[in-house]
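Below is one structure, written out as structure tokens; the observations come after it.
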Amino acid sequence: MNREQALLIVKKQLTEQRYVHTIGVMGTAIELAKRYDEDTEKAELAAIFHDYAKFRPKEEMKQIIIDQKMDKTLLAFHSELWHAPVGAYLVEKEAGIKDQAVLNAIKYHTSGRPGMSKLEKIIYLADYIEPGRSFPGVDEIRELAMISLDDAFIKSVKNTISFLMSRNQSVFPATFEMYNSFVTKTEVE
């Protein structure tokens, strides 16, 4: 599937503002993939489809999580997390994308997971630092992303966890597991 075909499919699922965000994520993901020697076509495709299910009704997403026997823990946390795993499922079923690396990058772009692949980190980070994002600390992470994918990635994870905690919001267990796994791995090396 080429870029134009993918964007046509995705545009029907998104608001105009979210479509602009998706274009920003796509450009950032391609740039990061080139910089860190990752498959740019996979990065482009995952970026285009990363928010495919973002505006699906919550009840539909909840039912997919149950029917597809996804991690039921998701249901105990903010529904904002749901669009990533549900999106990966729907992208495979509705758009016919079968590449597991692409699907995993979509699936884990909100929660992360221990042992994330380079492509998964690129999509997670591209979503965080795309040009339309504006919040304290984003410029620092953008600069860091040009020097070290891993350093920028873990800094974005720390910022996300800190942000959620500062608002007394729960943090999905896989996000903590990802952070712990990454820090432990980094410190052992």
Side-chain angles (χ1 to χ4, degrees), residues 13-15 17-22 24-25 28-29 32 46-47 49-91 103-117 119-145 149-187:
Q13 303 294 325
L14 304 176
T15 64
Q17 183 178 359
R18 185 55 51 165
Y19 183 74
V20 170
H21 161 75
T22 296
V25 174
T28 304
L32 291 171
F49 281 102
H50 84 283
D51 276 347
Y52 183 76
K54 182 87 171 173
F55 298 105
R56 294 292 176 109
K58 286 181 183 144
E59 280 306 311
E60 178 188 358
M61 289 194 285
K62 181 178 181 181
Q63 199 58 53
I64 289 171
I65 290 168
I66 293 166
D67 292 347
Q68 296 307 310
K69 298 179 177 33
M70 294 179 186
D71 183 355
K72 297 271 191 315
T73 310
L74 284 163
L75 300 176
F77 287 83
H78 197 284
S79 59
E80 181 64 25
L81 289 173
W82 301 356
H83 77 278
V86 169
Y89 168 78
L90 291 173
V91 164
L103 295 173
N104 281 344
I106 296 166
K107 183 176 183 176
Y108 297 111
H109 86 270
T110 56
S111 66
R113 68 171 176 158
M116 286 179 75
S117 71
L119 179 61
E120 291 169 23
K121 289 182 214 174
I122 285 170
I123 300 306
Y124 184 101
L125 190 57
D127 186 33
Y128 192 88
I129 66 170
E130 64 93 0
R133 297 285 198 195
S134 178
F135 52 85
V138 72
D139 288 331
E140 175 190 351
I141 295 175
R142 284 184 183 121
E143 290 173 19
L144 199 52
L149 177 65
D150 284 347
D151 289 349
F153 170 74
I154 199 62
K155 178 75 173 153
S156 70
V157 172
K158 287 178 186 177
N159 285 0
T160 298
I161 291 171
S162 294
F163 175 78
L164 291 170
M165 291 175 71
S166 75
R167 293 181 169 240
N168 293 321
Q169 293 181 340
S170 56
V171 179
F172 192 62
T175 305
F176 273 128
E177 291 167 13
M178 168 186 61
Y179 171 78
N180 289 337
S181 167
F182 191 85
V183 171
T184 303
K185 179 180 161 238
T186 303
E187 289 178 353

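Keep in mind that this is a model prediction, so the values were computed, not measured.
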Please report the shortest heavy-atom distance between Leu125 and Ala145, naming the atom on each side.
CD2-CB, 4.0 Å
Lys58 NZ to Ile65 CD1 distance, which is reported to the nearest 0.5 Å
12.0 Å
Shortest non-hydrogen pair, Thr110 vs Ala84, comes out as OG1-CB, 3.4 Å
Taken to the nearest 0.5 Å, the spacing of Asn159 CG from Phe135 CZ works out to 7.5 Å
Under 3.5 Å, side chain of His21 to main-chain N/O of Arg18, donor-acceptor pair present?
no
Taking every heavy atom of Pro85 against every heavy atom of Leu81, the minimum-distance pair comes out as CD-O, 3.2 Å
Show every salt bridge (Lys or Arg N to Asp or Glu O under 4.0 Å) that has at least one partner inside residues 126-145, sequence neighbours left out.
Asp127-Arg133, Asp139-Arg142
Closest heavy-atom pair and its distance - Ile123, Ala29:
CD1-CB, 3.8 Å
If you measure from OG1 on Thr160 to NZ on Lys155, what distance do you get to the nearest 0.5 Å?
11.0 Å
Is the closest side-chain heavy-atom distance between Lys107 and Met70 below 4.5 Å?
no
Any heavy-atom pair between the side chains of Gln63 and Ile66 that's under 4.5 Å?
yes
Is there a donor-acceptor pair under 3.5 Å between the side chain of Thr175 and the backbone N or O of Ser111?
yes
Does Asn104 reach the side chain of Arg113, with side-chain heavy atoms less than 4.5 Å apart?
yes
For Lys121, the salt bridge (Lys or Arg N to Asp or Glu O under 4.0 Å) test, sequence neighbours excluded, returns Asp150
Under 3.5 Å, side-chain donor or acceptor atoms of residues 166-174 against the rest of the protein: list the pairs with distances, not counting sequence neighbours.
from   : atom 1 : to     : atom 2 : distance (Å)
Ser166 : OG     : Phe163 : O      : 2.7

Results of ring-ring contact (aromatic ring centres under 6.0 Å, His included) for Tyr179 - residues two or more places apart only
none
Give the intermediate values and the outcome of side chain to side chain contact (heavy atoms under 4.5 Å, CB included) for residues Ile122 and Leu149.
CA-CA 8 Å; Ile122 285 170; Leu149 177 65; 4.0 Å; yes
Check ring-ring contact (aromatic ring centres under 6.0 Å, His included) between Phe153 and all other residues, then give those that pass, not counting sequence neighbours.
Tyr124, Phe182
What pairs of residues pass the salt bridge (Lys or Arg N to Asp or Glu O under 4.0 Å) test when at least one of them lies in residues 71-83, not counting sequence neighbours?
Lys54-Glu80
What are the two closest non-hydrogen atoms of Phe176 and Ile161, and how far apart are they?
CE2-CG2, 3.7 Å
I'd like to know if the side chain of Arg56 pairs up with that of Gln13 as donor and acceptor (distance under 3.5 Å, no hydrogens or angles considered).
yes
Donor-acceptor pair, distance only, cut-off 3.5 Å: does the side chain of Trp82 make one with the backbone of Lys62?
no
Would you say the side chain of Leu90 lies within less than 4.5 Å of the side chain of Ile64, judging by non-hydrogen atoms?
yes
Should Tyr89 and Tyr52 count as side-chain neighbours, where that means a heavy-atom distance under 4.5 Å?
no
Would you name the heavy atoms of Leu119 and Ala105 that are closest together and state the gap between them?
CG-CB, 4.0 Å
With side chains defined as the heavy atoms from C-beta onward, is the minimum distance between Met116 and His109 less than 4.5 Å?
no
